[in-house]
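What you see is a predicted model, and the numbers here were worked out from it, not measured in a lab.
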Amino acid sequence: MKPVTLAATLSLLALAVPASAETAEQPTVITAERYLDVATGRYVDHPAIFVDKDGRITQIADARTIRLSADIRRIDLPGKTLLPGLIDMHVHLDSPADIGGFRGLEFTDSFFAMTAVTNGQAMLNAGFTTVRNVGSKDRNDIGLAQAIAHGYVTGPRIVGAGYALGATGGHCDETGLPPSMERPGKMEGVGDSLDELRYQVRRQRKYGATVIKVCATGGVFSHNTAVGQQQVTEPELRAIADEAHMWGLRVAAHAHGASGINAAIRAGIDTIEHASLIDDEGIKLALARKQPVWLAMDIYNTEYTQSEGKKNGVLEDNLRKDREIAQAQRDNFRKAYKAGVRMVFASDAGVMPHGQVGRQFATMVEYGMTPLDAIRAATLNAAQALGQEGDVGQIATGRYADIVAVDGDPLKDVRLLEQVSAVVKGGQQVR
């Protein structure tokens with residue numbers, strides 16, 4: 001880190017506005033003991049991180065070599081280690097973890113949108129300044145993203161899918177109700193042909209989706225769907241990927257079973273969610289594909305679902321599927337990571353409480369990752385998988401000043417990320 005000259009410092013401080021102006025219009029400097037450069041894996045001591053009124057980092061200086069004007073707003077975090085704001089690539093903000101099975105029918109439709117506000121705040125307070133919401137009812141994720149962007153509520157940056165796509169009777173259809181309660185026509189997001197699924201991509205984008213989600217296989221927490229069973233054909237998956245890519249959107253595929261995983265990789269899907277039963281062919285396909293593909297494997301949440309699921313109303317059939325697949329997913333996580341497959345942090349928050357997702361870091365390390373790679377999965381890698389590496393994922397010039405602080409060395413003890421001590425989003429301290 002190069003010392004800042006007096007002229008450069010004066011130029012930066014000349015941007016300062018009168019103290020009576022709105023805080024958001026003031027240039028800000030963030031100081032701490034050190035920060036982790038996730039690209040190099042090295043710590044940089046005594047940073048002074050300058051942030052403009054738009055919340056982006058303009059310069060990183062050595063705090064020991066500069067003098068700051070009294071007019072500049074300061075966020076001082078003495079003794080703290082800074083990391084980039086964390087990114088969770090698989091969440092459901094409008095799914096309270098403690099309401100499972102048919103208990104959701106006890107509440108009115110708008111109830112779940114209300115819970116999304118609190119769940120988003122819980123994730124932000126846990127250090128997750130960006131989340132990707134892969135499927136919601138009533139486009140609650142898109143509405144919440146808009147409310148956050150316009151300052152009505154606080155929460156993380158949200159990349160939202162709106163309704164997830166899937167086949168009739170599949171994991172992303174409404175499978176738990178009798179025919180007498182069926183709505184006229186197909187459920188939003190459901191398609192059974194190339195044209196219908198292309199239309200659903202266009203429809204979700206039209207109404208605000210910034211990522212597309214498709215359910216390629218059965219799932220754990222749906223009715224009458226076998227976890228590993230493929231439900232969307234490879235040509236259909238390719239049509240979804242091609243359509244989304246034409247519109248500039250990336251695609252996530254829920255895929256537990258090997259055949260669905262392999263079809264999704266061949267079809268050009270960008271991230272494979274869960275990937276529980278990935279086989280040797282799937283690993284080879286992921287490594288060989290020229291266009292990057294990322295695995296988003298939620299390997300912690302079973303701890304919560306098995307201990308609390310029955311009390312929360314989760315049906316025994318769903319808990320059975322959860323038990324049967326959990327260890328295989330963890331073993332395959334280790335296998336895929338060891339082989340060199342690209343991986344991102346994904347918790348499936350909503351299945352587990354949103355504020356507890358930081359606990360997954362330790363499980364990722366337990367199953368083979370280094371602490372640095374676990375952190376990269378939630379920062380550098382996730383930003384690349386989102387196509388937002390110019391905005392998030394690093395503490396670097398030009399990126400948003402999305403930053404978390406911890407006490408100690410997370411490269412030695414990754415559990416420090418289970419309880420961060422400060423959170424900054426866009427240069428504003430939110431916790």
Please output the side-chain donor-acceptor pairs of residues 246-253 that fall under 3.5 Å, not counting sequence neighbours, one pair per line with the distance.
{"from": "Trp247", "atom 1": "NE1", "to": "Glu243", "atom 2": "OE2", "distance (Å)": "2.8"}
{"from": "Arg250", "atom 1": "NH1", "to": "Gln384", "atom 2": "O", "distance (Å)": "2.9"}
{"from": "Arg250", "atom 1": "NH1", "to": "Ala385", "atom 2": "O", "distance (Å)": "3.0"}

Work out which heavy atom in Val44 is nearest to a heavy atom in Pro47; give both atom names and the distance.
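Result for this residue pair: O-CD, 3.9 Å.
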
- So, for Met123 and Ala349, which heavy atoms are closest and what is the spacing to 0.1 Å?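 That would be SD-CB, 4.3 Å.
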
Spacing of [atom1] belonging to [X] relative to [atom2] belonging to [Y], to within rounding of 0.5 Å:
X: Thr271; Y: Met297; atom1: OG1; atom2: CE; answer: 13.0 Å
X: Ile261; Y: Leu295; atom1: CD1; atom2: CG; answer: 8.0 Å
X: Gln121; Y: Leu144; atom1: CD; atom2: CG; answer: 8.5 Å
X: Asp407; Y: Lys80; atom1: CG; atom2: NZ; answer: 3.5 Å
X: Gln429; Y: Thr28; atom1: CD; atom2: OG1; answer: 11.0 Å
X: Cys172; Y: Glu188; atom1: SG; atom2: CD; answer: 12.5 Å

Step-by-step side-chain contact (heavy atoms from CB on, under 4.5 Å) determination, Tyr35 to Ile403:
CA-CA 9 Å; Tyr35 78 91; Ile403 293 169; over 6 Å; no

Is any side-chain heavy atom of [X] less than 4.5 Å from a side-chain heavy atom of [Y]?
X: Pro410; Y: Thr81; result: yes
X: Leu124; Y: Arg431; result: no
X: Val406; Y: Leu417; result: yes
X: Tyr152; Y: Val117; result: no
X: Leu277; Y: Ile325; result: yes
X: Thr379; Y: Leu86; result: yes
X: Val91; Y: Ile158; result: no
X: Lys335; Y: Asp280; result: yes

Under 3.5 Å donor-acceptor pairs involving side-chain atoms of residues 98-115, not counting sequence neighbours:
{"from": "Arg103", "atom 1": "NH1", "to": "Asp98", "atom 2": "O", "distance (Å)": "2.8"}
{"from": "Thr115", "atom 1": "OG1", "to": "Phe112", "atom 2": "O", "distance (Å)": "2.8"}

Does either side chain, that of [X] or that of [Y], offer a donor lying less than 3.5 Å from an acceptor on the other one?
X: Asp298; Y: Gln329; answer: yes
X: Gln360; Y: Asn301; answer: no
X: Asp88; Y: Ser347; answer: yes

With sequence neighbours excluded, what pairs up with [X] under the side chain to side chain donor-acceptor pair (under 3.5 Å) test?
X: Lys338; result: none
X: Thr302; result: Asp322
X: Gln327; result: Asp331, Tyr367
X: Thr217; result: none

Audit row: Leu93, Asp141, side-chain contact (heavy atoms from CB on, under 4.5 Å) steps and yes/no
CA-CA 7 Å; Leu93 294 174; Asp141 55 343; 5.5 Å; no

For [X], enumerate each residue passing the salt bridge (Lys or Arg N to Asp or Glu O under 4.0 Å) test, keeping only those at least two apart in sequence or located in another chain.
X: Asp348; value: none
X: Asp391; value: Arg56
X: Arg415; value: Glu418

State whether the side chain of [X] and the backbone N or O of [Y] hold a donor-acceptor pair below 3.5 Å, judged by distance alone.
X: Lys425; Y: Gly155; answer: yes
X: Thr130; Y: Ile87; answer: no
X: Arg132; Y: Met89; answer: yes
X: Tyr163; Y: Gly135; answer: no
X: Arg376; Y: Val38; answer: yes
X: Asn318; Y: Ser222; answer: yes
X: Asp138; Y: Asn140; answer: no
X: Asp52; Y: Asp54; answer: yes
X: Asp279; Y: Glu281; answer: yes
X: Asn332; Y: Ser276; answer: yes

ring-ring contact (aromatic ring centres under 6.0 Å, His included) pairs, two or more places apart, involving residues 375-431:
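For residues 375-431: none.
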
When you look at NZ of Lys137, are more than 12 heavy atoms from neighbouring residues, nucleotides or ligands closer to it than 6.0 Å?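 No, NZ of Lys137 has 12 or fewer neighbouring heavy atoms, counting only those of other groups under 6.0 Å.
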
>> As a quick check of understanding, evaluate salt bridge (charged side-chain N to carboxylate O under 4.0 Å, His left out) for Glu366 and Arg330, giving each step before the final call.
In response: CA-CA 10 Å; Glu366 178 184 354; Arg330 292 175 174 183; 6.0 Å; no

request  = Just jot down the ring-ring contact (aromatic ring centres under 6.0 Å, His included) partners of Phe345, sequence neighbours excluded, or say none.
outcome  =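 If we apply the ring-ring contact (aromatic ring centres under 6.0 Å, His included) test to Phe345, skipping adjacent residues, the hits are Phe128, Phe361.
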
Could you work out, with ring-ring contact (aromatic ring centres under 6.0 Å, His included) as the rule, every residue matching His354, not counting sequence neighbours?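 Partners of His354 by the ring-ring contact (aromatic ring centres under 6.0 Å, His included) criterion come out as none, since no residue qualifies.
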
* Evaluate the ring planes of Phe333 and Tyr337, with Trp represented by its six-membered ring, and classify them as parallel (under 30°), tilted (30 to 60°) or perpendicular (over 60°). =>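 Answer is parallel, since the angle falls under 30°.
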
Should the ring pair His274 and His256 be called parallel, tilted or perpendicular, given that the plane angle runs from 0 to 90° and is split at 30 and 60?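 Because their plane-to-plane angle is under 30°, the rings of His274 and His256 count as parallel.
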
Discussion item. Test side-chain contact (heavy atoms from CB on, under 4.5 Å) on Val293 and Leu285; report intermediate values, then the result.
Written reply: CA-CA 9 Å; Val293 60; Leu285 287 169; over 6 Å; no

Practice item. Take Leu319 and Gln306 through the side-chain contact (heavy atoms from CB on, under 4.5 Å) test and state the conclusion after the steps. Key: CA-CA 7 Å; Leu319 293 174; Gln306 289 301 310; 4.1 Å; yes

Can Asn262 and Glu234 be said to form a side-chain hydrogen bond (donor to acceptor under 3.5 Å, both in side chains), step by step? CA-CA 9 Å; Asn262 298 346; Glu234 186 173 329; over 6 Å; no

Exercise for review: In plain terms, say whether Lys311 and Glu308 are close enough for a salt bridge, that is, a side-chain N and a carboxylate O under 4.0 Å apart.
Suggested key: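 Yes, charged N to carboxylate O under 4.0 Å.
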
